[in-house]
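This report concerns only the one structure given below.
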Amino acid sequence: MVTPTAAGGTQGDGRFLIDTNPAKSITSASTGGALAGGSGDAVGPHASAQFSGTSFPVSVFLSLGQAVPSQANNLAPGMVTFSIAAAGMPAGYAANTAAIGNSSGLACVVDQTVGYDPDNYEMAPYTVIDATHLQMTFNKPHQLLASLAFGGLCGYGLEQTVDTAGGIRQLFPVLGATSPTSLYYAGGSTPVVGVMGRTSGFLNVSAAIASATRAAGQVTVTTTGNLLADVNGLSVAIAGVADSSYNGNYVVTTTGINSFTYAQAGGNSSSAGGTASALTGGFAFYPMAETLSVFDAATNSIDGQFTLAPNSVAWAAGDSVEEPHFYQEYITADVEALGQSVPRPSVVTRGGLQYQQNNGPGLVGWSIANAAPTSNYIGYGGTHTFPDGAYEATGVWRRTMNLVAGEQAAFAIHCNLHGCGSWNSGYNVFELDSSAGVDSMGYAPASSMLTVILRGTPYSFTPQAFTAGTINVGTLNAATINGVSVGGPHVTTVTLEHAFPGAGSFNFTHNLGSQYPLMTCYVNSGSPAYAASNVDVNNIAITVTAASDITCTFGI
């Protein structure tokens with residue numbers, strides 16, 4: 001029985017009750033360690049997390065050698081005697097009950113999750129029958145090769161503190177520790193602990209420092225490689241710089257993909273070496289138990305009584321306890337489904353909004369807004385990555401979008417929230433799938449440069465020029481090309497000398513530059529005999545031994 005002190009009446013079945021007494025929890029502060037990374041669901045039988053500076057007690061792991069189904073009239077399998085797997089289990093798993101040590105106790109059980117299937121985490125009492133058999137009392141069915149963990153961190157819930165918002169924590173059930181610095185947990189369809197770029201706010205970015213320069217109270221740091229994430233507005237740890245006065249933790253402003261600044265008092269100087277890193281590695285483990293029921297049959301009410309599944313929590317009177325929200329849930333907006341059993345008639349039909357009467361300035365027909373604080377996101381002082389898209393159209397359509405142009409424009413694209421003049425203000429206007437990858441059209445508002453990249457080849461438009469590797473045209477009308485007056489045939493033949501008097505050297509400076517190289521030079525209309533050694537991007541130098549005609553042709 002608990003005495004609610006906050007949110008009384010919101011407790012529910014199927015969640016976990018945790019003991020938050022600080023003396024019973026394991027935290028990054030109490031261990032001096034940090035969450036360093038995670039594999040999500042990409043490696044191993046379960047989601048895993050890696051730590052630094054911890055000394056977790058290691059668990060013993062076994063696998064179910066057979067499926068444990070529900071009873072005919074009861075979801076719970078009840079008491080079952082089963083074999084443990086002797087083959088097919090993950091590396092590091094035992095194949096003999098002797099590895100457990102104790103002949104009875106509690107074990108954590110987790111199925112290997114497939115897609116959105118539940119992982120059916122539970123704690124259940126066990127008794128060793130013999131070297132290859134256990135007897136356990138299950139509340140949930142389990143698959144063949146489901147994992148069993150004994151000891152270690154079995155029975156704890158893991159909080160990644162960077163994701164705790166407004167006092168609401170996301171708590172993942174821990175299966176067991178695989179080493180003093182790593183563990184398996186029940187990640188279900190949200191295995192995000194220690195994983196960057198997914199739905200969590202975890203961040204672990206580190207780069208070697210190439211140079212650090214302090215001038216007028218501001219330090220400019222350049223890293224040897226690109227930063228994996230935009231750390232703008234975050235506290236970055238500077239360590240190991242040759243001049244130790246640069247070291248410390250500072251809130252930085254990024255100025256490029258591999259540079260940032262921070263304020264620091266001190267004399268003007270420069271140094272190098274060391275690393276710049278940003279890590280959101282806070283964690284906490286709480287002993288926990290699954291809540292089977294919050295209904296008090298004696299009072300016919302929800303009054304603070306909890307009926308719990310088997311657990312190893314050392315509950316004590318006066319301990320603070322909490323029932324966190326479900327550690328994962330699937331919430332989506334309403335979708336209206338329309339269908340018909342015969343093809344639609346040829347008349348136009350549509351859904352949407354129709355504005356009538358007198359409509360004027362200030363009316364926005366449809367708006368999709370991400371109202372989360374900008375400061376939540378990477379590059380704006382936060383560590384969360386961005387939602388995928390504000391608008392999506394899928395399926396077969398003749399035209400994905402059918403527009404009547406507005407009185408001013410069909411599209412008005414504004415600068416992103418970095419502004420129009422920042423180093424990272426650029427964005428792709430279009431990203432186009434091709435058979436060889438993705439082509440793109442990008443715009444840099446700081447310079448008004450539009451760049452089209454087609455299969456890796458860039459074409460750029462700026463207020464000064466259009467730049468391309470090769471330009472093929474049918475008709476080219478131009479006043480000048482790099483200062484050369486043009487008009488007439490595509491290839492211009494230049495006759496430099498008709499009656500060269502005799503032996504001697506001929507020199508001519510053409511100043512056409514590398515974009516308009518001479519094709520070749522001929523003597524007495526013979527075979528071309530003068531290559532780059534005689535004809536380069538700026539000059540012609542030819543030596544003849546007798547009277548000669550010299551003709552040089554070049555393309556414009």
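It should be emphasised that the depicted structure is a prediction, and the values quoted were computed from it without experimental measurement.
Shown here for Ile18 and Pro324, the closest heavy-atom pair between the two residues is CD1-CG, 3.9 Å. Considering all non-hydrogen atoms of both residues, Phe295 and Gln305 come closest at O-NE2, 3.8 Å.
The distance from atom OH of Tyr185 to atom CG of Asp119, rounded to the nearest 0.5 Å, is 11.0 Å. The OH atom of Tyr355 sits 8.0 Å away from atom CH2 of Trp366, with the distance rounded to the nearest 0.5 Å. Summarising the geometry, atom CZ belonging to Phe283 is positioned 6.5 Å from atom OG belonging to Ser30; distances are rounded to the nearest 0.5 Å. Distance CG/Asn226 to CG/Asn258: 5.5 Å, rounded to 0.5 Å. Rounding to the nearest 0.5 Å places CG of Leu171 at 12.0 Å from CG of Asp163. Taking CG from Asn232 and CG from Leu227, the interatomic distance works out to 11.0 Å, rounded to the nearest 0.5 Å.
For the pair Ser70 (side chain) and Ala76 (backbone), a donor-acceptor distance under 3.5 Å is absent. Checked by atom type and distance alone, the side chain of Gln160 pairs as donor or acceptor with a backbone atom of Gly194 at under 3.5 Å. The backbone N or O of Thr132 sits nowhere less than 3.5 Å from a side-chain atom of Ser83 that would complete a donor-acceptor pair. Counting only distance, with no hydrogens or angles, the side chain of Tyr250 and the backbone of Asn247 share a donor-acceptor pair below 3.5 Å. Ser104 places no side-chain N or O within 3.5 Å of a backbone atom of Thr127 that could act as its donor or acceptor partner. Judged purely by atom type and a 3.5 angstrom limit, Trp423 uses its side chain to pair as donor or acceptor with the backbone of Thr254.
Thr394 and Glu392 share no donor-acceptor pair across their side chains, judged by distance under 3.5 Å alone. Side-chain contact, Thr291 with Asp13: no donor N or O sits under 3.5 Å from an acceptor N or O. Side-chain contact annotation: Asp230 with Tyr377, donor-acceptor N/O pair under 3.5 Å absent. Side-chain contact check for Thr299 and Ser301: at least one donor-acceptor pair (N or O, by modelled atom type) lies under 3.5 Å. In summary, the side chains of Ser206 and Thr275 do not present any donor paired with an acceptor at a separation below 3.5 Å, with no hydrogens or angles considered.
Taking the six-membered ring where tryptophan is involved, the planes of Tyr184 and Phe61 are perpendicular, since the angle between them exceeds 60° and thus also 30°.
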Set out, in order, the CA-CA distance, both residues' side-chain angles and the distance that settles side-chain hydrogen bond (donor to acceptor under 3.5 Å, both in side chains) for Thr181 and Thr54, then state yes or no. CA-CA 6 Å; Thr181 57; Thr54 58; 5.3 Å; no
Stepwise, does the side-chain contact (heavy atoms from CB on, under 4.5 Å) test hold for Val236 with Ile238? CA-CA 6 Å; Val236 174; Ile238 309 296; 4.0 Å; yes
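A heavy-atom distance below 4.5 Å is found between the side chains of Leu35 and Val193. Between Tyr286 and Thr20 there is a side-chain heavy-atom pair separated by less than 4.5 Å. You'll find the side chain of Ser182 stays beyond 4.5 Å of the side chain of Phe51, heavy atoms only. At a threshold of 4.5 Å between non-hydrogen side-chain atoms, the residues Tyr126 and Gln135 do not count as touching. Arg15 places a side-chain heavy atom less than 4.5 Å from the side chain of Phe326.
Note on Lys24 versus Asp319: salt bridge recorded, some NZ/NE/NH1/NH2 to OD/OE distance being below 4.0 Å.
When each of Arg169, Glu159, Gln170 is checked for a side chain to side chain donor-acceptor pair (under 3.5 Å) with Thr164, only Glu159 meets the rule.
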Mind listing the side-chain donor-acceptor pairs of residues 140-157 below 3.5 Å, one per line with the distance, residues two or more places apart or on another chain?
from, atom 1, to, atom 2, distance (Å)
Lys140, NZ, Tyr121, O, 2.7
Lys140, NZ, Glu290, OE1, 3.3
Lys140, NZ, Glu290, OE2, 3.1
His142, ND1, Asp111, OD1, 2.9
His142, NE2, Glu122, OE2, 2.7
His142, NE2, Lys140, O, 3.2
Ser147, OG, His46, NE2, 2.7
Ser147, OG, Tyr93, OH, 2.8

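At most 12 non-hydrogen atoms from other residues, nucleotides or ligands lie less than 6.0 angstrom from CZ of Phe430.
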